Amino acid sequence: MNIKFYNTLSRKKEIFNPIKPGEVSMYTCGPTVYSRSHIGNFRTFLFEDILKRVFLIVGYKVRHIMNITDVDDKMIKKANDENKTLTEISLKYTAEFIEDAAILKILPADELPLATDNIQEMISMITALIKNGNAYLTENGSVFFSIESYKDYGKLAHLDLKGLKQTDRVAADEYTKDHPQDFALWKAWKEEDGDVSWDSPWGKGRPGWHMECSAMSTKYLGNHFDIHCGGVDNIFPHHENEIAQSCAALNSEFVNLWMHSEHLIMADEKMSKSLGNIKTIPELLADGYTAESLRFALISSHYRSKLAFSHIKLEEAKKSVHRINELFQKLNKKVDVGNSLPDEYEEFIEILCDDLNTPKALGVLFNYVRKLNHKIDNDILSKNEATMGLSFLIKADEILSLLIKQTDIPDKIAQLVAKRESARKEKNWKLSDHLREEIKQKGWKVEDLPEGTKCYPL
RNA sequence: GGCGUCGUACCCAAGUGGUCUAAGGGAGCAGUUUGCAAAACUGUCAUUCAUCGGUUCGAAUCCGAUCGACGCCUCCA
């Protein structure tokens, strides 16, 4: 089966051809650990998770590296503001990131290298760039990349140097550079950097932002690897600069496939009332949404489209997730998992292999859900069909991860449910309704189904 | 100024030349079921794809114009 992805480099869908047959090397831009990652950051991380899971399910071996940016302007500012060390800030938010990613059932990367553990690698690369004539040292001890020395500069972002507008931000840059768009490889130490500095051939300082990804991606994956992902905002300048640096320093091909996910935007006023429009995973869990609902909401639109995030969207996601889980439980009671899968499974995978079309794949899944529900209700579902259905849901879940583990019902609740059952047998509706209300107060919901009473968390 | 994206039902969202009188989800409505509720199931819900032209035997899909929303052009996933 052909796997196709949209490549930012060519602005086209391309058939994926791994450098090494059967293996995928992917590097995904990780968080800058100066604050808790928000749901928008996680849209990108989840897109990457789905991508990785698709590779795994079709049989590729995946080597996945995600960096942790633990030194940059924002990190230093945060440390200064809170009167803490860079390491303290970094440890706290890295731990939170790992925790939140685990809640969202995002598969961990094989390595999570820290920028500050790879300073030497970055210095070597900068040295090579100076030697190759692609970088220059300024009087204050900073090193810049000369974009005029690299003819392909702008090929990812499709920027033409002649058409560039000198924005205020560029104009306001305090460094002295040959060309306004030249970017920092090494930043000379400044007073506000405090004790954040490393020794280098050019004196005390710290690496420019883009260096870490060039150094770490090639360190772990080799000079030439398959995929590099991130949010669209990384296309320029971050990834553009990475290409220039890496190709010029290593004199090698760099990345074959660049994939970028669009932004999530906050669509709902109520949601944006707090701190500058952001929501973190713990905040959303506190609002009563499950990891599965969050996953669903984030994959219910295509990764290259903007996603308007709102409470309505989450409520819809919650119901959709419930629908899938309903069928899963019904089938789970009837049969065990088998080896054969329905035709819909093939279709489901093919759609995902066409540039990760998660919304369309969910459509296939729901059509199948309706089909089986119909058969169940009319009592015409064969055992074989039930087995295949269960297998499909479980297999699809290796990518989607929307199935919810059955939670154990606490004894107290179970007692109330049993009490209500006996009341119902005696047709004591008043008591039974009262007990249902009491159970609801405790956060559980009871439903009287034809096959018996069911109880689950609200 | 340059580069680029998008506009599909009440909401979300696939589809990018014929299988589209447009998938799927949510909401609504009607029904089956039910002590009630809930859940589940069934039916219904865009002859139309921002607007106007053009190309074509054929367009939501290609081209042009217009209107509207938006992104990037140095540190933001």
Side-chain angles (χ1 to χ4, degrees), chain A residues 11 28-32 37-48 69 72-74 145 147 154 157-167 169-173 175 177 180-184 187 208-210 229-238 240-241 260-265 267 296-297 300-302 304-310 312-313 315-324 326-327 330 351 357-370 372-378 424 427-430 432-433 436-437 440 445-451 453-454 456:
Chain A
R11 307 278 157 117
T28 59
C29 278
T32 301
S37 296
H38 54 75
I39 189 70
N41 301 124
F42 278 105
R43 183 199 190 185
T44 298
F45 300 138
L46 185 58
F47 139 69
E48 292 155 353
T69 300
D72 85 325
D73 294 357
K74 292 190 298 292
F145 185 91
I147 59 167
H158 292 231
L159 291 177
D160 182 354
L161 290 182
K162 290 188 288 281
L164 289 185
K165 188 181 173 185
Q166 175 127 340
T167 61
R169 270 184 288 182
V170 174
D173 200 319
Y175 296 100
K177 298 186 282 189
Q181 259 79 26
D182 284 353
F183 57 90
K187 293 179 166 185
W209 173 39
H210 320 296
C229 305
V232 279
D233 51 300
N234 278 333
I235 296 172
F236 194 89
H238 187 50
E240 188 68 59
N241 291 351
H260 296 94
S261 66
E262 251 299 347
H263 279 165
L264 172 151
I265 50 176
F296 190 96
S300 62
S301 58
H302 189 87
R304 286 193 286 112
S305 302
K306 280 186 193 60
L307 175 90
F309 197 69
S310 66
I312 298 165
K313 186 149 220 133
E315 286 300 331
E316 287 177 10
K318 197 174 181 176
K319 285 169 188 160
S320 302
V321 168
H322 181 71
R323 199 165 152 75
I324 296 167
E326 277 288 321
L327 178 65
K330 277 190 235 171
I351 286 166
N357 197 336
T358 47
K360 194 174 180 181
L362 289 170
V364 170
L365 184 64
F366 278 111
N367 274 330
Y368 187 74
V369 168
R370 179 153 29 80
L372 285 213
N373 274 333
H374 176 75
K375 291 194 174 189
I376 291 169
D377 266 40
N378 289 288
R424 286 187 75 231
K427 297 197 191 294
N428 186 346
W429 309 128
K430 207 176 164 187
S432 127
D433 288 351
R436 180 165 58 199
E437 188 53 33
K440 194 180 165 190
K445 186 170 177 178
V446 276
E447 280 174 8
D448 304 316
L449 299 168
E451 64 267 26
T453 294
K454 211 180 79 180
Y456 59 87

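Remember, it's a predicted structure, so these values are computed and weren't measured experimentally. In the text below, chain A, chain B and the rest are named by the order of the sequence lines, each starting its count at 1.
Atom CG of A/Asp448 and atom C1' of B/U34 are 9 Å apart (whole Å). When rounded to the nearest whole Å, the span between NE2 of A/His210 and P of B/A77 equals 13 Å. Rounded to a whole Å, the NZ atom of A/Lys427 is 12 Å from the P atom of B/U34. If you take NE2 of A/His322 and P of B/A39, they are 7 Å apart, rounded to a whole angstrom. Taking atom NZ of A/Lys318 as the reference point, atom P of B/A38 lies 16 Å away to the nearest angstrom. For the pair A/His238 NE2 and B/A77 C1', the interatomic distance rounds to 11 Å; values are reported in whole Å. Between the CD1 atom of A/Ile235 and the P atom of B/A77 there is a distance of 14 Å, given to the nearest Å. Between A/Leu365 atom CG and B/A13 atom C1' there is a gap of 15 Å when expressed in whole angstrom units.
For the pair A/Asn373 and B/U42, the criterion of a side-chain N or O lying under 4.0 Å from OP1 or OP2 is not met. Between A/Lys306 and the phosphate of B/G71, there is no side-chain N or O to OP1/OP2 separation shorter than 4.0 Å.
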Check the interface with nucleotides 24-29 of chain B: list each N/O to N/O pair with the protein under 3.5 Å, or write none.
residue : atom : partner  : partner atom : Å
B/G24   : OP1  : A/Asn367 : OD1          : 3.4
B/G24   : OP1  : A/Arg370 : NH2          : 2.9
B/G25   : O2'  : A/Ser320 : OG           : 2.5
B/G25   : N2   : A/Glu316 : OE1          : 3.1
B/G25   : N2   : A/Glu316 : OE2          : 3.4
B/A27   : OP1  : A/Lys319 : NZ           : 3.3

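Of all nucleotides listed (B/A14, B/A40, B/G35), B/A40 comes nearest to the side chain of A/Asp377. Listed nucleotides: B/C76, B/A14, B/A77. Nearest to the side chain of A/Pro237: B/C76. Side-chain atoms of A/Lys330 lie closest to B/A40 of the nucleotides B/C3, B/A40, B/A14.
Going from the P atom of B/C41 to that of B/G24 covers 14 Å, rounded to whole Å. When the C1' atom is compared between B/A22 and B/A60, the two are found 8 Å apart, to the nearest whole Å. To the nearest whole angstrom, the two P atoms, one in B/A27 and one in B/C20, are 27 Å apart. Rounded to whole Å, the C1' atom of B/C70 lies 23 Å from the corresponding atom of B/C63. With C1' as the reference atom, B/A39 and B/A59 are 43 Å apart, rounded to whole Å. Separating the C1' atom of B/C52 from that of B/C11 is a span of 28 Å, rounded to the nearest Å. Separation of the P atoms belonging to B/C72 and B/A30 is 47 Å when rounded to the nearest angstrom. Comparing the C1' positions of B/C49 and B/A9 gives a spacing of 10 Å, expressed to the nearest Å.
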Salt bridge (charged side-chain N to carboxylate O under 4.0 Å, His left out) evaluation trace for A/Lys306 with A/Glu262:
CA-CA 5 Å; A/Lys306 280 186 193 60; A/Glu262 251 299 347; 3.6 Å; yes
Set out, in order, the CA-CA distance, both residues' side-chain angles and the distance that settles side-chain hydrogen bond (donor to acceptor under 3.5 Å, both in side chains) for A/Arg370 and A/Asn367, then state yes or no.
CA-CA 5 Å; A/Arg370 179 153 29 80; A/Asn367 274 330; 3.0 Å; yes
Should A/Val321 and A/Phe296 be marked as a side chain to side chain contact (heavy atoms under 4.5 Å, CB included) after you check the CA-CA gap, both sets of side-chain angles, and the distance that decides it?
CA-CA 7 Å; A/Val321 168; A/Phe296 190 96; 3.6 Å; yes
Can you check side-chain hydrogen bond (donor to acceptor under 3.5 Å, both in side chains) on A/Asn234 and A/His260, steps first, answer last?
CA-CA 8 Å; A/Asn234 278 333; A/His260 296 94; over 6 Å; no
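Contact check for A/Glu447 versus A/Thr453: no side-chain heavy atoms found under the 4.5 Å cut-off. Counting heavy atoms from C-beta outward, A/Pro31 and A/Ser37 have side chains that approach closer than 4.5 Å. Side-chain contact between A/Thr44 and A/Glu48 is present, with at least one heavy-atom pair separated by less than 4.5 Å. Side chains of A/Thr358 and A/His302 form no contact here, defined as non-hydrogen atoms less than 4.5 Å apart.
Between A/Phe183 and A/Leu264, it is A/Phe183 whose nearest contact on RNA chain B lies nearer the 5' terminus. Checking A/Thr44 against A/Asn241, the closest nucleotide of RNA chain B that is more toward the 5' end is the one next to A/Asn241.
Counting non-hydrogen atoms under 4.0 angstrom, A/Gly40 reaches a base of the nucleic acid. Among the heavy atoms of the strands, none lies under 4.0 Å from A/Ile376. Residue A/Lys454 is classed as having no contact, given no heavy-atom separation below 4.0 Å to the nucleic acid. Note on A/Ser37: nothing from the nucleic acid sits closer than 4.0 angstrom, heavy atoms only.
Counting atom types as modelled, A/Asp233 pairs no side-chain N or O with a base atom of B/G71 as donor and acceptor under 3.5 Å. Put simply, the side chain of A/Arg436 and the base of B/A37 share a donor and an acceptor less than 3.5 Å apart.
Atom CZ of residue A/Phe309 and atom CG of residue A/Leu264 lie 6.0 Å apart, to the nearest 0.5 angstrom.
Of all non-hydrogen atoms in A/Glu326 and A/Lys454, the two that sit nearest each other are OE2-NZ, 2.9 Å.
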Dot-bracket, RNA chain B: Watson-Crick or G-U, under 3.5 angstrom, [ ] crossing, | other strand?
((((((((.[[[..)..(.....]]].(((((.......))))).....[[[[[..)....]]]]])))))))....
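Relative orientation of the A/Phe183 and A/His210 rings is perpendicular, given thresholds of 30° and 60° on the angle between their planes.
For A/His322, the ring-ring contact (aromatic ring centres under 6.0 Å, His included) criterion is met by A/Tyr456, not counting sequence neighbours.
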